Amino acid sequence: MLTRHKADEINMSVHIAMSNLRDSMKKVPDKGLGLNTAHTRFASSVAVLSVLLDEAARFTPEGDDLFDLL
């Protein structure tokens, strides 16, 4: 399914960015912030939002599906 693949791709991209952020924050003294859980939730939320925005962009203001016009 195209949207599932796209969501997984976005999720992996955000995961890599958050991993880079985690590496840059290794010297932060407070380890109890729960960065791993926060980044997992954030990555999933961003992936879902991106797919929903792409799907919403398919429609014209009149509600017509742009793929039907092809």
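Remember, predicted model here, so these are calculated numbers, not experimental data.
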Fill in: Shortest non-hydrogen contact between Asn11 and Ser44, atoms and distance
OD1-N, 4.0 Å
Worksheet entry | Nearest heavy-atom neighbours spanning Ala7 and Ala47 | O-CB, 3.5 Å
Worksheet item: Partners of Asp54 by side-chain hydrogen bond (donor to acceptor under 3.5 Å, both in side chains), sequence neighbours excluded?
Response: Lys6
Practice prompt. Give a yes or no answer on whether the side chain of Ser50 reaches the backbone of Val46 with a donor-acceptor pair at less than 3.5 Å.
Written response: no
Response to the item:
Sequence neighbours excluded, the answer for side chain to side chain contact (heavy atoms under 4.5 Å, CB included) partners of Ile16 is Met12, Asn20
Response to the item:
So the salt bridge (Lys or Arg N to Asp or Glu O under 4.0 Å) pairs with at least one residue in residues 8-20 (sequence neighbours excluded) are Arg4-Asp8
Fill in: Reported OG-to-CE distance for the pair Ser13 and Met18, which is rounded to 0.5 angstrom
13.5 Å
